[in-house]
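As the structure lists them, so they are numbered: ligands from 1, and atoms in each ligand from 1. Values in this document were obtained by computation on a predicted structure and should not be read as measured data.
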Amino acid sequence: MKKLKIDLPEKQYDILIEKGLRRQFGSEIKKLYTNKKIFIITDQNVYNIYGEEFEKDLKSNGFEPYFTVVEPGEKSKSIAVLESVYDSLLDKEITRSDMIVALGGGVVGDLTGFVAATLLRGIRFMQIPTSLLAQIDSSVGGKVAVNLEKGKNLVGNFYHPDAVLIDPEMLLTLEKRYFYDGMAEVIKYGCIKSEELFRMLESYVTEEEFFDNIDDIIYRCCDIKRAVVEEDEKDTGNRMLLNFGHTLGHAVEKCFGYEKYTHGEGVAIGMYNITLRSEAKGETEAGVAESIKSLLVKYKLPYEMPEMDEEEVKKAIGLDKKSSSGSITLILVKRIGESYLKKIAKEEIVDYI
Ligand SMILES: NC(=O)c1ccc[n+]([C@@H]2O[C@H](COP(=O)([O-])OP(=O)(O)OC[C@H]3O[C@@H](n4cnc5c(N)ncnc54)[C@H](O)[C@@H]3O)[C@@H](O)[C@H]2O)c1
């Protein structure tokens, strides 16, 4: 089993990664939590595949499990669903000494984390991430949130779990489009912090070979996120490096109404295009954009900037606002595995899009 320790001033917890770990989730939870009642929040897709097995496992470890199942998808990160989850847990008489478990992708993880952070002023929780994005990104680092009509993740907190339990085999049931979506973030980690990871991803010839190494890949991604979060938990400095490709990516997602491009696809386009610009300006070593492009193509991700109205793009980046004076922090890659923050005046962003 691979194990990482997250060590923050006010919270320490382990990330456990092992193929087949789902068969031991109950016994791993029991090592940290000994009360009977346990509250699992999941979505309908994940529940259909793993609900029964997990329930049996929890019961055989002496737990009394209560499931709350939400609809799959981003719409469940809403205030309305949040309230229905609070109600469901209160109906089941949850108390502050109980434990909540997030079983699902990033949506379930963010929603559950926010429930745990706020209900009864805070209840312990654990993350069992089941999508690639959740296993390498959203379950680590303590950001929890729900969306408002006005935008994504506008109500949230930093609230860490007691443990993150990862079974990479659960990715075998994930739809391919979500798998590739998560791959954009895996590639991002290689670009910003690990040439070794980047080269590993380049080297796999078959999907089988990739999956043979998936636990190592997940471990490396979580380890990079661990280090970044330990250095800058509250996201005021170097944690921003994790947003490589995201500014342009968000603009692409937004300009197409969040329908044509997934988040990962937006990030993929963002990473390549910003690097193309920074390379032309001599801020990135020659050839880096091409390497990123080849890896994106290999993992079935787009790289080409779609036709977009320049004004729309500026608007999506927040440049149209009166407050558009001031600065913006860009995340650039110097060479594969090495990245840095560059503060520029907001108007200069046009040079990078
Ligand atoms: N907290 C953070 O730091 C952070 C970081 C990045 C993204 N996020 C958030 O993560 C969310 C996106 O997460 P996501 O991409 O995991 O989306 P998601 O949770 O919607 O999961 C994607 C789809 O896969 C299904 N699924 C999940 N695991 C499965 C499995 N093992 N087998 C079969 N189906 C499975 C889900 O039901 C869903 O339909 C966004 O809301 C984003 O804001 C948070």
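No close placement of the Tyr299 and Tyr180 rings is indicated, their centers lying 6.0 Å or farther apart. For an aromatic pair to be called close, the ring centres must be under 6.0 Å apart, and Phe25 with Tyr50 fails this.
The closest non-hydrogen atom to atom 7 (C) of ligand 1, taken over Leu133, Val140, Asp137, comes from Leu133. For atom 42 (C) of ligand 1, the choice among Arg239, Gln135, Lys77 with the nearest heavy atom turns out to be Lys77.
Applying the 6.0 Å contact sphere to NZ of Lys56 captures no more than 12 heavy atoms from other residues, nucleotides or ligands. By the 6.0 Å contact criterion, NZ on Lys3 is open, its count of non-hydrogen atoms from other residues, nucleotides or ligands being 12 or less. Heavy-atom contacts from other residues, nucleotides or ligands closer than 6.0 Å to CD of Glu83 number 12 or fewer.
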Discussion item. Is there a side chain to side chain donor-acceptor pair (under 3.5 Å) between Lys342 and Ser278? Walk through the geometry before answering.
Written reply: CA-CA 11 Å; Lys342 185 181 180 200; Ser278 61; over 6 Å; no

Item to complete: Walk me through it: do Lys176 and Glu207 pass the test salt bridge (charged side-chain N to carboxylate O under 4.0 Å, His left out)?
Response: CA-CA 12 Å; Lys176 278 277 184 274; Glu207 231 172 75; 3.4 Å; yes

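Counting heavy atoms under 4.0 Å from ligand 1, residue Asn153 touches it through the side chain alone.
Near Thr130, the atoms of ligand 1 lying under 4.0 angstrom from a non-hydrogen atom of the residue are 27 (C), 28 (N), 29 (C), 30 (C), 31 (N). Residue Ser131 has at least one heavy-atom neighbour below 4.0 Å for each of these atoms of ligand 1: 14 (P), 16 (O), 28 (N). If you number the atoms of ligand 1 from 1 as listed, the ones under 4.0 Å from a heavy atom of Asp43 come out as 36 (C), 37 (O). For ligand 1 and Asn45, the ligand atoms under 4.0 Å from any heavy atom of the residue are 36 (C), 37 (O), 39 (O). Atoms of ligand 1 found under 4.0 Å from any heavy atom of Ile49 (numbered from 1 in listed order, with element): 32 (N), 33 (C). Contact atoms of ligand 1 toward Lys152: 40 (C), 41 (O), 42 (C), 43 (O) (distance under 4.0 Å to a heavy atom of the residue). Within ligand 1, the atoms closer than 4.0 Å to a non-hydrogen atom of Thr173 are 30 (C), 31 (N), 32 (N), 33 (C), numbered from 1 in the order shown. Interface of Tyr50 with ligand 1, defined as ligand atoms under 4.0 Å from a residue heavy atom, comprises 31 (N).
Below 30°, between 30° and 60°, or above 60°: for Phe39 and Tyr66 the angle between ring planes is below 30°, a parallel geometry.
With respect to atom 26 (N) of ligand 1, the closest heavy atom belonging to the protein is Leu174 CD1, 3.6 Å. At the top of the distance list for atom 9 (C) of ligand 1, counting protein heavy atoms only, stands Asp110 OD2, 3.4 Å. Atom 4 (C) of ligand 1 has its closest protein heavy atom at Ser138 CB, 3.2 Å. Given atom 31 (N) of ligand 1, the protein heavy atom at minimum distance is Met170 O, 2.9 Å. Of the protein's non-hydrogen atoms, Gly106 N, 3.5 Å is the one closest to atom 14 (P) of ligand 1. Among protein heavy atoms, atom 40 (C) of ligand 1 sits closest to Glu74 OE1, 3.3 Å. Here the heavy atom of the protein found nearest to atom 21 (O) of ligand 1 is Gly105 CA, 4.2 Å. The closest protein non-hydrogen atom to atom 18 (P) of ligand 1 is Val107 CG2, 3.8 Å.
Checking His263, Glu253, Glu74 one by one against Lys152, the side chain to side chain contact (heavy atoms under 4.5 Å, CB included) holds for a single residue, Glu74.
Of the N and O atoms on the side chains of Asn48 and Gln44, at least one donor lies less than 3.5 Å from an acceptor on the other residue. Neither side chain, Asp91 nor Ser88, offers a donor N or O lying under 3.5 Å from an acceptor on the other.
Cys255 and Ala316 get closest at one heavy-atom pair: SG-CB, 4.3 Å. Residue Gln12 comes nearest to Asp7 through the heavy atom pair CG-OD1, 3.3 Å, listed as atom of the first residue, atom of the second, then distance.
Remark: distances from the non-hydrogen atoms of Lys225 to ligand 1 include one below 4.0 Å.
Between Lys143 and ligand 1, a contact under 3.5 Å exists for at least one N or O pair.
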